[in-house]
Asker: 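Got a structure for you, questions after.
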Amino acid sequence: VAVKVENIKPHVGARIHAKPEDLLDPAVVQQCLEALEDRAVLVFPQINLTNDQQLAFTDALGSRVNFTNSSATGDLDAKDVYTVTLDPKLNPDPEAVHGTYFWHMDGLISDIVQPKASLLSARVLSAKGGQTEFASTYAAYEALPEEDKAELEGLVAEHSLYGIYRHIVEAPSDDDMTRWTRRSSRKHLIVKTQPSGRKSLIIGMSADRVEGLSVYEGRALVARLNDWAAQPDFTYRHHWSVGDLVVWDNCGALHRVIPYAKDSGRKMHRTSVAGVAPNLQAAA
Ligand SMILES: [Fe+2]
């Protein structure tokens, strides 16, 4: 059985109406993989997957990877499922979640290949805020003027914890700075070429420097690219219902959440699909 894939906006997003058992069919998985790169964001309205079903779909799309080794493990009934929440009882270290208020890609500063995709399912919603926005960096790249594409080719950005936390903490302590620099930065080509040959931008708020440019030139370039990708034509805002599953191409989409309160109860379950090829071909 093939499932129906319905475009959400001309340049980004698709809605897939499927039942949990459909996702066990290899033909449907293949259809989802193709739609994922084509549309960058896939919405499965109220599919209501259990943790085990979400993990099985994660494995079917590639293989699961768990790169978040701290915080938010409170009520897990499945390993490799990360609970995204600001509830202080479940997440004693909310700073990482505050970072999700800004455009980013998952896993760019972890010791792993950038995850291929992320899957997020809604368990408890916030009364206010909590919508997730996505920006297709395939569409953003493809719409760039040719001269900009040529200038970006081969450029390498450094992503770091400092890049993230400078947006969140007003006056970092010495301890903060030690913590943020303990993990060295990670380098990623700004223009990623997918195995299919299609290109996307690897950008977001974690990019703090660009190799070969001054600090201010690098930050200006990243800011300009982030702004470019955030144009309405390339973005989709998801208003969640409980049970929705959203899968995004983590090498071809930025995402961020509209701020919500820490006592809102909001709880999301995230799993990740391992990346296949490092994005550092030109950085050696
Ligand atoms: Fe994220």
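Everything numeric here is computed off the predicted structure, so don't read it as measured data.
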Asker: Under 3.5 Å, is there a donor-acceptor pair between the side chain of Glu6 and the main chain of Ala14?
Answerer: no

Asker: Between Asn91 and Thr85, is the side chain to side chain donor-acceptor pair (under 3.5 Å) condition met? List the steps.
Answerer: CA-CA 7 Å; Asn91 183 0; Thr85 179; over 6 Å; no

Asker: Between Asn250 and Lys116 (side chain of the first, backbone of the second, donor and acceptor by atom type, cut-off under 3.5 Å), is there such a pair?
Answerer: no

Asker: Is there a donor-acceptor contact under 3.5 Å linking the side chains of Thr271 and Thr58?
Answerer: yes

Asker: Without hydrogens or angle criteria, can the side chains of Ser121 and Gln54 be said to hold a donor-acceptor pair below 3.5 Å?
Answerer: yes

Asker: Apply side chain to side chain donor-acceptor pair (under 3.5 Å) to Asp208 and His159, showing your working.
Answerer: CA-CA 6 Å; Asp208 188 41; His159 296 253; over 6 Å; no

Asker: Under 4.0 Å between a Lys/Arg side-chain N and an Asp/Glu carboxylate O for Asp80 and Arg270?
Answerer: no

Asker: Mind listing the closest non-hydrogen atom pair of Leu201 and Val191 along with its distance?
Answerer: CD2-CG2, 4.3 Å

Asker: Side chain to side chain donor-acceptor pair (under 3.5 Å), that's the test. Do His238 and Tyr236 meet it? Break it down for me.
Answerer: CA-CA 6 Å; His238 187 63; Tyr236 164 66; 2.7 Å; yes

Asker: Under the side-chain contact (heavy atoms from CB on, under 4.5 Å) test against Val273, which residue among Val247, Leu119, Val65 passes?
Answerer: Leu119

Asker: Can you confirm whether more than 12 heavy atoms, excluding those of Arg209, are under 6.0 Å from its CZ atom?
Answerer: no

Asker: Think Arg198 forms a cation-pi with Tyr138, using NZ or CZ under 6.0 Å from the six-ring centre and within 45 degrees of its axis?
Answerer: yes

Asker: Sequence neighbours left out, what passes side-chain contact (heavy atoms from CB on, under 4.5 Å) with Ser63? Give chain and number order.
Answerer: Ala274

Asker: Give the minimum heavy-atom separation between Phe234 and Ala143, together with the two atoms involved.
Answerer: CZ-CB, 3.6 Å

Asker: Scan Leu254, Val246, Thr235 and name whichever one has a side-chain contact (heavy atoms from CB on, under 4.5 Å) with Phe134.
Answerer: Val246

Asker: Assess Arg266 against Tyr260: is NZ or CZ under 6.0 Å from the centre of the six-membered ring, and within 45 degrees of the ring's axis?
Answerer: yes

Asker: Using a 6.0 Å cut-off, check whether atom NZ of Lys9 has over 12 heavy atoms from anything other than its own residue.
Answerer: yes

Asker: Give a yes or no on whether the ring-centroid distance for Trp248 and His255 is below 6.0 angstrom.
Answerer: yes

Asker: Return each pair, listed once, that meets salt bridge (charged side-chain N to carboxylate O under 4.0 Å, His left out) where at least one residue sits in residues 150-164; pairs must be two or more places apart or across chains.
Answerer: Glu153-Lys199

Asker: Using the rule given for salt bridge (Lys or Arg N to Asp or Glu O under 4.0 Å), can you reason through Asp148 versus Arg224, listing the C-alpha separation, both sets of side-chain angles and the distance that settles it, and then say yes or no?
Answerer: CA-CA 11 Å; Asp148 289 20; Arg224 188 164 59 82; 3.5 Å; yes

Asker: Looking only at the side chains, is there a donor atom on one of Ser160 and Trp180 sitting less than 3.5 Å from an acceptor on the other?
Answerer: no

Asker: Does the structure place the NZ or CZ of Lys149 under 6.0 Å from the centre of the six-membered ring of Tyr141, at an angle of no more than 45° from the ring's axis?
Answerer: yes

